[in-house]
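Okay, structure first, notes after.
What you see below is based on every heavy atom in this structure, not just the backbone, and it leaves out hydrogens, waters and symmetry mates. Positions are given from 1 along the sequence. Given the structure is predicted, the values throughout are model-derived calculations rather than measurements.
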Amino acid sequence: MIIGVPIEIKANENRVSMTPYAVQTLTKEGHRVLIQDNAGLKSGFSNDEYKQNGATIVGTLDEVYSESEMIVKVKEPQEAEINKIQESQIVFTYFHFAASETLTQGVLDSKCIAFAYETVQTDNKNLPLLVPMSEIAGRLSVHNGAKCLEANQGGRGVLLSGTTGIEPATVTIIGGGIVGSNACKLASGLGAKVNILDVNVQKLQYLSDVMPPNVTTLFSDTYNLNRLIPETDLLIGAVLIVGAKAPSLVTRDMIKTMKKGSVIIDVAVDQGGCVETCKPTTHSSPTYLVDDVLHYCVANMPGAVPYTSTMALSNSTVPYIKAIANHGYESVIKNHKPLLRGLNMYKGRVTHSGVAETFNLDYTPALELIN
């Protein structure tokens, strides 16, 4: 199979979807990998490294799309890319369709075969291609939140850890999954007072067992949110419903009760956000103020650490890319359950119920479309 790796053109996106070592894995299997010129440069990988591992370097985005049977990306196709996608071409990336009706309709109209990293799911409900970026995003949410709390960034001038005789900042995390637990681990390790909320009692029991004493686990409901948000210095939204839009849990009225200069980091922004006042931002312009509360809503947070992120993502995706390349999309849809769950669109039909429900589109189970 011919596999194409384009440069990521989303604003401030520095990752690349495949390392040179991943390329070697695929070329040894007899596949041809096309890397767009300098696609890996911002992640620390040169054209020469790719060529040494069997890749072919091509000059333009058009060449990558026109010559490839499968496109492997990091972020969703941008407006300039959608019309380059060919009918029946495989596109494998983070789509996060529920965050954009325009993207959803554009990819649907292309009649491609769209596998979304974020909905590839194992039988035990693990999300193997979402986990590595969620770990990084969760940790970065605390890094960035601590920085945003500084007065020169527009925050209230609070040190997350506190200091001798001065109490630490209060961090409230909504969602106890991979993002939330990693944010909790880092914030508590820095000495903050941490509240973490979830609707899954078993998850809360686990977090209560493994987290240090400065972490309080709480059931996620309106009562607890209304009680905690006014005393929160850093609020982190870490809610995920696989393939669907994130629920809006934090209202503007709640935000009005926060202290001036408090900070919100909505990691769920790439699925629509769980904070009513959330809107996507970029690394070059990451923050904005609403009701004197600083919002940080960068939709591709792991792009700030491209070497680490690219390595982590590529290590996780390669077995799935290889499965598609070795066996073809029809075979993996029939025989590979995690990839079947990852299939969001098939030749103009929506094959993921979460995407269909979000935009009131017709849903067709993928197996009904394969002969």
Side-chain angles (χ1 to χ4, degrees), residues 1-10 12-61 63-65 67-78 81 89-96 115-118 120 126-140 178 182 270 283 300-327 332 338-339 342:
M1 183 176 282
I2 303 173
I3 302 162
V5 175
I7 287 178
E8 297 294 325
I9 61 173
K10 188 181 177 92
N12 310 125
E13 180 52 71
N14 297 316
R15 291 171 287 180
V16 65
S17 61
M18 209 179 292
T19 65
Y21 327 116
V23 168
Q24 184 183 68
T25 299
L26 293 164
T27 55
K28 280 185 173 179
E29 297 279 335
H31 305 294
R32 186 174 178 226
V33 181
L34 309 180
I35 305 288
Q36 189 176 347
D37 185 30
N38 289 330
L41 207 56
K42 291 180 180 178
S43 292
F45 305 112
S46 67
N47 284 347
D48 285 342
E49 288 178 272
Y50 282 108
K51 286 191 284 189
Q52 288 164 12
N53 285 279
T56 300
I57 306 299
V58 298
T60 66
L61 200 64
E63 287 176 90
V64 176
Y65 276 89
E67 296 178 25
S68 301
E69 298 166 89
M70 174 161 61
I71 299 292
V72 178
K73 284 177 46 60
V74 178
K75 293 303 292 179
E76 72 279 0
Q78 303 299 290
E81 294 175 278
Q89 190 172 47
I90 303 163
V91 184
F92 199 17
T93 188
Y94 288 116
F95 277 107
H96 296 292
F115 288 96
Y117 293 156
E118 71 273 10
V120 172
N126 185 35
L127 299 165
L129 306 188
L130 191 61
V131 164
M133 295 304 99
S134 295
E135 289 179 343
I136 292 169
R139 297 177 190 202
L140 281 173
I178 301 299
N182 275 271
D270 54 12
H283 289 291
N300 59 329
M301 288 175 61
V305 286
Y307 178 81
T308 299
S309 296
T310 292
M311 290 290 287
L313 178 62
S314 188
N315 288 345
S316 299
T317 57
V318 163
Y320 295 89
I321 296 167
K322 190 164 72 169
I324 297 170
N326 285 353
H327 304 291
V332 295
L339 281 169

- Task: Could you please spell out the steps behind the salt bridge (charged side-chain N to carboxylate O under 4.0 Å, His left out) verdict for Glu13 and Lys42?
- Result: CA-CA 9 Å; Glu13 180 52 71; Lys42 291 180 180 178; over 6 Å; no

- Please report the C-alpha distance between Glu76 and Glu81 in whole Å, then the side-chain angles of each, then the deciding distance to 0.1 Å, and finally whether the side chain to side chain contact (heavy atoms under 4.5 Å, CB included) criterion is met. CA-CA 9 Å; Glu76 72 279 0; Glu81 294 175 278; over 6 Å; no

- Message: Just so I know, are the side chains of Glu63 and Leu34 near enough to count as touching, which here means a heavy-atom distance under 4.5 Å?
- Response: no

- Residues forming a side-chain hydrogen bond (donor to acceptor under 3.5 Å, both in side chains) with Arg139, sequence neighbours excluded: Asn182

- With rounding to the nearest 0.5 Å, note down the distance linking CG in Leu313 to OG1 in Thr93. 8.5 Å

- Task: Indicate the atoms forming the closest heavy-atom contact of Leu129 with Ser316, along with that distance.
- Result: CD2-O, 3.2 Å

- Listed partners of Ser43 passing side-chain hydrogen bond (donor to acceptor under 3.5 Å, both in side chains), at least two apart: Thr310

- Step-by-step side chain to side chain contact (heavy atoms under 4.5 Å, CB included) determination, Asn300 to His283: CA-CA 8 Å; Asn300 59 329; His283 289 291; 3.7 Å; yes

- Heavy-atom closest contact (Gly4 atom, Pro6 atom, distance): O-CD, 3.6 Å

- Distance-only, no hydrogens or angles: does the Thr19 side chain make a donor-acceptor pair with backbone N or O of Ser314 under 3.5 Å? no

- Task: Mind listing the closest non-hydrogen atom pair of Thr27 and Gly54 along with its distance?
- Result: CG2-O, 3.5 Å

- Rounding to 0.5 Å, atoms OG1 (Thr308) and CD (Glu135) come to a distance of 12.0 Å

- Rounded to the nearest 0.5 Å, how far does NZ of Lys73 lie from CZ of Phe95? 8.5 Å

- Message: Strictly distance-based, threshold 3.5 Å: is any side-chain N or O of Gln89 a donor or acceptor partner for the main-chain N or O of Ile71?
- Response: no

- Message: How long is the straight-line distance from CZ of Arg32 back to OG1 of Thr56, given to the nearest 0.5 Å?
- Response: 4.5 Å

- Query: Quick one: are Ile3 and Phe92 in side-chain contact, heavy atoms under 4.5 Å?
  - Reply: no

- Message: Side chains of Tyr117 and Val74, heavy atoms from C-beta outward: is any pair under 4.5 Å?
- Response: no

- Query: Just wondering, do Leu26 and Met1 contact through their side chains at under 4.5 Å, heavy atoms?
  - Reply: no

- Item | Side chains of Val332 and Phe115 in contact at under 4.5 Å (non-hydrogen atoms) | yes

- Message: Using the side chain to side chain contact (heavy atoms under 4.5 Å, CB included) criterion, which residues pair with Leu41? Sequence neighbours excluded.
- Response: Asn38

- Query: Checking Ser17 side chain against Val5 main chain: does a donor-acceptor pair fall under 3.5 Å?
  - Reply: no

- Query: Is any side-chain heavy atom of Leu140 closer than 4.5 Å to a side-chain heavy atom of Val305?
  - Reply: yes

- Taking all non-hydrogen atoms of both residues into account, name the closest pair between Ala312 and Ile136 and its distance. CB-CD1, 4.3 Å

- Item | Test item: side-chain donor near acceptor, Asn47 and Asp37, under 3.5 Å | yes

- Task: Going by the side chain to side chain contact (heavy atoms under 4.5 Å, CB included) test, name the single residue among Glu118, Met301, Arg15 that passes it with Met133.
- Result: Arg15

- Task: Please name all residues satisfying side-chain hydrogen bond (donor to acceptor under 3.5 Å, both in side chains) with Asn53, sequence neighbours left out, ordered by chain then number.
- Result: Gln24

- Item | Selection residues 317-326 - residue pairs positive for side chain to side chain donor-acceptor pair (under 3.5 Å), sequence neighbours left out | Glu29-Asn326, His31-Asn326

- Query: Quick one: side-chain hydrogen bond (donor to acceptor under 3.5 Å, both in side chains) partners of Gln52, sequence neighbours excluded?
  - Reply: none

- Task: Answer yes or no: is there a side-chain heavy-atom contact under 4.5 Å between Tyr50 and Val16?
- Result: yes

- Message: Can you give me the closest heavy-atom contact between Glu67 and Ile2, atom names plus distance?
- Response: O-CG2, 3.3 Å

- Separation between CG (Asn315) and OH (Tyr21), nearest 0.5 Å, reads 10.0 Å

